[in-house]
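Structure, as structure tokens:
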Amino acid sequence: MAVQAMKLGKGSLDFTINEAKTSFSGQATKVTYSPDYKTEDPTPVLSGEEYQEPGTLTGKISGDILQDYGAKSLAVWCFEHAGEIAQFEFVPNSEAKLAITGECMITPVEIGGDVAKTNSTSFEFPVVGKPEFKQTGASTESH
């Protein structure tokens, strides 16, 4: 297999609640989907073998956004929708045609920072269930 490497961007990150879409694309300076697979310790059985329960896939969609202090800013949106489940679509690079879609819980973000500086804030939304990796259009790339 030939070496393949791409840069993050030009892409998109959108969240939808009750059919209303909110884009983080124009403010995001960093975006990551981080899966986590958790398993419990195996249970020994009388025969000497061990029984292993299936694990659970969890994860988070996270990153950094530039702060905007307006009433319709992403920070205000996160505060107003804290605790709600949103559908998300993360396209790391539009040319690659990969989209990661799923559901996550919105959490509030910090507001503020250094005076007279362009501030950013981190967001981290727990993913609910298993997201899907899908192709957004025809791609000529091979693996």
Side-chain angles (χ1 to χ4, degrees), residues 1-45 49-143:
M1 179 163 114
V3 174
Q4 294 185 18
M6 298 182 87
K7 293 182 179 180
L8 181 64
K10 178 180 179 182
S12 61
L13 177 62
D14 299 318
F15 296 92
T16 304
I17 298 175
N18 298 325
E19 299 182 18
K21 184 185 286 189
T22 299
S23 180
F24 278 43
S25 305
Q27 298 292 107
T29 60
K30 177 181 179 181
V31 180
T32 305
Y33 165 66
S34 304
D36 188 23
Y37 193 74
K38 297 183 185 221
T39 58
E40 298 294 325
D41 291 335
T43 302
V45 295
E49 299 170 294
E50 293 182 333
Y51 170 73
Q52 180 68 56
E53 286 281 342
T56 304
L57 181 64
T58 63
K60 62 186 174 188
I61 185 89
S62 60
D64 297 327
I65 52 175
L66 296 173
Q67 288 194 23
D68 167 5
Y69 303 115
K72 295 187 184 248
S73 70
L74 294 179
V76 171
W77 182 87
C78 290
F79 181 79
E80 290 176 345
H81 294 285
E84 294 182 39
I85 301 297
Q87 288 78 40
F88 73 87
E89 181 179 71
F90 172 37
V91 177
N93 183 303
S94 299
E95 292 179 14
K97 313 282 189 215
L98 173 70
I100 304 166
T101 62
E103 292 186 328
C104 64
M105 180 178 289
I106 304 302
T107 59
V109 299
E110 292 182 341
I111 299 174
D114 295 330
V115 174
K117 302 280 184 180
T118 300
N119 291 299
S120 63
T121 192
S122 298
F123 66 92
E124 184 175 298
F125 303 152
V127 172
V128 178
K130 183 178 180 180
E132 293 182 22
F133 286 66
K134 62 183 183 180
Q135 197 166 347
T136 61
S139 176
T140 59
E141 294 183 36
S142 62
H143 294 277

Can you name the closest pair of heavy atoms from A99 and T136 and give their distance? CB-CG2, 3.3 Å
Test side chain to side chain contact (heavy atoms under 4.5 Å, CB included) applied to E84 - qualifying residues, sequence neighbours left out: I17, H81
Can you tell me how far CG of L13 sits from CZ of F88, rounded to the nearest 0.5 angstrom? 8.5 Å
Residue pairs passing the salt bridge (charged side-chain N to carboxylate O under 4.0 Å, His left out) test where at least one lies in residues 11-29, sequence neighbours excluded: none
Atom pair CD (E132) and CD1 (I100), whose distance is rounded to the nearest 0.5 Å: 11.5 Å
Indicate yes or no: at least one non-hydrogen side-chain atom of F90 is less than 4.5 angstrom from one of T32. no
Are I111 and T121 side-chain neighbours, meaning at least one heavy-atom pair lies under 4.5 Å? no
Kindly say whether E95 contributes a backbone atom to a donor-acceptor pair with the side chain of N93 at under 3.5 angstrom? yes
Mind checking what makes side chain to side chain donor-acceptor pair (under 3.5 Å) contact with E80, not counting sequence neighbours? none
Determine the minimum heavy-atom distance between S94 and G11, stating which atoms define it. OG-CA, 3.8 Å
Contact summary for L8 and V31, nearest pair of heavy atoms: CD2-O, 3.8 Å
By side chain to side chain donor-acceptor pair (under 3.5 Å), Q27 pairs with (sequence neighbours left out) none
Looking only at heavy atoms, the pair that brings I106 and C78 closest together is CG2-O, 3.7 Å
How close do M105 and V128 get, heavy atom to heavy atom, and via which atoms? N-CG2, 4.3 Å
How would you list, by chain and number, every residue that makes a ring pair (Phe, Tyr, Trp, His ring centres under 6.0 Å) with F24, sequence neighbours excluded? F15, W77, F123
Can you give me every donor-acceptor pair (side chain of residues 49-72, partner residue at least two apart or in another chain, under 3.5 Å) with its distance?
unit_1, atom_1, unit_2, atom_2, d
E49, OE1, S47, OG, 2.9
Y51, OH, E53, OE2, 3.4
Q52, NE2, E40, O, 2.8
T58, OG1, D36, O, 3.2
K60, NZ, E124, OE1, 3.4
D64, OD1, S122, OG, 2.7
Q67, OE1, Y69, OH, 2.9
Q67, OE1, G112, N, 2.8
Q67, NE2, G112, O, 2.9
Q67, NE2, S120, O, 3.4
D68, OD1, G70, N, 2.9
Y69, OH, N119, ND2, 3.4

Whether the side chain of S23 engages the backbone of S25 through a donor-acceptor N/O pair (distance < 3.5 Å, no angle test) should be reported. yes
